[in-house]
*Asks:* 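Handing you this structure, nothing more for now.
Values in this document were obtained by computation on a predicted structure and should not be read as measured data.
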Amino acid sequence: MKKLQIMIVILLFCFSYKGNAQVFHLADKFKNHLEMNNLNGKVKSIKEYRYKLTFNANDTIKPKKVIDMYFITFYNEQGNIIKSAQYRKDASICRLEEYTYNDNNRVTLYRDSSSDIPNSGMQTTIQYNKAGNRIDETTINIRKNQVLATKTYTYNSKNQLASMTNHIDYGNQTDQTFYTYDSESNIVESRQKTNGGENISKTSYFPKSKLASKITISSFDKTYYISYTYDKYKNVISSTKHFGNEKIYSGDELKEYEYDKFNNWIVSKDFIISQEGVKYKTNSRKEREIEYY
């Protein structure tokens with residue numbers, strides 16, 4: 001069974017500073033990366049292909065798939081990521097992520113490097129308090145041994161993450177994110193205050209459930225919504241990004257998923273809603289090959 005946990009990973013280039021690839025401060029409430037990433041069974045590795053599709057004029061012929069890039073992620077038997085590599089379409093590696101853990105199965109060192117430049121990239125060290133809560137992170141430029149960013153965390157009386165402060169040294173920027181919970185310990189609001197304004201994310205859940213029904217995201221002067229549908233196994237079968245309001249309008253984005261026998265998604269297809277209210281295929285598609293222990 002799956003619970004929808006929200007983790008956003010943005011890979012705009014083969015290598016650029018973007019903070020940590022994993023949402024570290026939310027990872028600690030999960031047993032391991034498998035649980036965090038909604039994966040079932042004893043996953044050993046995942047190969048994820050990202051395709052660019054081409055269609056003919058009337059869309060009657062099966063689309064041609066061209067690999068844009070692909071990723072291979074390896075998990076240990078405790079369910080945590082050992083390393084993850086990003087490959088170009090010519091099969092050359094352009095990025096490598098590596099993890100080190102302590103005896104409590106918590107990440108203590110994270111390294112994100114480019115294979116094209118020796119000793120390049122970033123390294124993040126993470127410290128915890130006696131309760132096992134993450135309290136600070138320091139990210140450095142490996143080649144220059146220069147601090148890029150620091151993060152600190154606070155917790156409420158229920159041992160829930162209350163706030164995160166992120167300071168980016170090279171731009172002298174500081175932002176703070178504050179978290180609010182419901183009675184089921186679900187995050188219902190995160191409010192990020194930055195030098196340029198405020199970003200607010202609000203999540204609604206189905207009754208007596210940890211399944212998200214809708215997320216409302218307000219970024220400066222823009223607001224959009226993401227809604228979800230599930231199958232009987234609590235897998236997300238579709239998500240819709242609404243740019244107008246909660247109704248479906250032209251230009252809204254739709255994702256649909258297919259699953260294997262372990263209820264892990266193996267195909268993700270993107271669509272755009274047309275003016276007539278019907279879904280139109282886009283040129284983006286993801287497929288995963290999952291190996292189990």
Side-chain angles (χ1 to χ4, degrees), residues 5-13 15-33 35-37 80-81 83-84 95-114 120-181 185-203 215 217 219-220:
Q5 314 292 352
I6 305 304
M7 180 182 72
I8 301 177
V9 180
I10 303 177
L11 298 173
L12 296 179
F13 304 99
F15 182 79
S16 62
Y17 179 71
K18 64 186 182 319
N20 298 319
Q22 299 293 332
V23 183
F24 281 137
H25 60 285
L26 297 181
D28 292 339
K29 68 178 183 176
F30 301 105
K31 182 174 68 175
N32 53 33
H33 278 126
E35 184 178 299
M36 177 183 173
N37 294 330
N80 282 315
I81 296 174
K83 64 179 179 179
S84 181
R95 183 172 174 223
L96 181 66
E97 299 171 80
E98 299 172 284
Y99 299 79
T100 302
Y101 300 88
N102 62 18
D103 293 338
N104 295 320
N105 221 22
R106 291 283 192 252
V107 179
T108 56
L109 184 67
Y110 166 76
R111 188 182 179 109
D112 185 346
S113 57
S114 168
S120 68
M122 301 169 296
Q123 181 172 286
T124 299
T125 54
I126 306 156
Q127 295 185 350
Y128 301 83
N129 60 20
K130 292 182 179 179
N133 293 320
R134 188 180 308 249
I135 53 175
D136 63 62
E137 299 174 19
T138 302
T139 300
I140 65 168
N141 179 303
I142 296 173
R143 176 184 288 182
K144 297 180 180 179
N145 194 29
Q146 174 187 1
V147 174
L148 295 175
T150 56
K151 292 182 181 180
T152 56
Y153 304 89
T154 65
Y155 298 84
N156 61 26
S157 59
K158 295 182 179 180
N159 212 28
Q160 298 167 327
L161 178 65
S163 70
M164 177 188 70
T165 301
N166 181 30
H167 180 75
I168 302 175
D169 285 54
Y170 65 82
N172 196 26
Q173 301 177 27
T174 299
D175 62 72
Q176 285 186 297
T177 305
F178 301 90
Y179 300 90
T180 304
Y181 299 80
S185 297
N186 296 314
I187 295 176
V188 292
E189 180 181 276
S190 63
R191 186 179 295 266
Q192 181 190 38
K193 295 183 178 181
T194 71
N195 293 351
E198 191 173 56
N199 301 308
I200 303 172
S201 175
K202 296 182 178 181
T203 304
I215 298 176
I217 300 174
S219 181
F220 304 114

*Asks:* Check whether any side-chain heavy atom of N133 lies under 4.5 Å from a side-chain heavy atom of Y128, and answer yes or no.
*Replies:*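 Sidechains of Y128 and N133: no contact.
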*Asks:* N129 side chain to A131 main-chain N or O, any donor-acceptor pair under 3.5 Å?
*Replies:*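 Checked: pair present.
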*Asks:* Verify side-chain contact (heavy atoms from CB on, under 4.5 Å) between I140 and V147, making sure each step is shown before the conclusion.
*Replies:* CA-CA 4 Å; I140 65 168; V147 174; 4.2 Å; yes
*Asks:* Going by the rule salt bridge (charged side-chain N to carboxylate O under 4.0 Å, His left out), which residues pair with E198 if we only count those two or more places apart in sequence or in a different chain?
*Replies:* R191
*Asks:* Go through R111 and I142 one step at a time and tell me if the side-chain contact (heavy atoms from CB on, under 4.5 Å) criterion holds.
*Replies:* CA-CA 9 Å; R111 188 182 179 109; I142 296 173; 3.5 Å; yes
*Asks:* Taking atom types as modelled, is there a side-chain donor on N32 or N105 under 3.5 Å from an acceptor on the other?
*Replies:*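 Per modelled atom types, N32 and N105 side chains form no pair under 3.5 Å.
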*Asks:* Would you call the rings of H33 and Y101 parallel, tilted or perpendicular, where under 30° means parallel and over 60° means perpendicular?
*Replies:*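 Because their plane-to-plane angle is over 60°, the rings of H33 and Y101 count as perpendicular.
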*Asks:* Please test S163 against Q176 for side-chain contact (heavy atoms from CB on, under 4.5 Å), starting from the C-alpha separation and ending with a verdict.
*Replies:* CA-CA 7 Å; S163 70; Q176 285 186 297; 5.6 Å; no
*Asks:* To check you understand the geometry: which heavy-atom pair defines the closest contact between N195 and T174, and what is its length?
*Replies:* OD1-O, 3.2 Å
*Asks:* Indicate the atoms forming the closest heavy-atom contact of I217 with S201, along with that distance.
*Replies:* CG1-OG, 4.0 Å
*Asks:* Answer whether the closest heavy-atom distance between the side chains of T125 and L109 falls below 4.5 Å.
*Replies:* yes
*Asks:* Would you check if the side chain of N141 reaches a backbone N or O of R143 as a donor-acceptor pair within less than 3.5 Å?
*Replies:* yes
*Asks:* Verify side-chain contact (heavy atoms from CB on, under 4.5 Å) between T203 and I187, making sure each step is shown before the conclusion.
*Replies:* CA-CA 7 Å; T203 304; I187 295 176; 5.9 Å; no
*Asks:* Over all heavy atoms of both residues, which pair between T177 and S190 is shortest? Give the atoms and the distance, please.
*Replies:*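 For T177 versus S190, the nearest heavy atoms are CG2-CB, 4.2 Å.
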*Asks:* For T154 and L161, work out which heavy atoms get closest and say how close.
*Replies:*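 That would be O-CD1, 3.5 Å.
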*Asks:* Indicate the atoms forming the closest heavy-atom contact of Q160 with S185, along with that distance.
*Replies:* NE2-OG, 3.3 Å
*Asks:* N199 and S219: side-chain donor and acceptor closer than 3.5 Å?
*Replies:*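 Result is yes, a qualifying pair exists.
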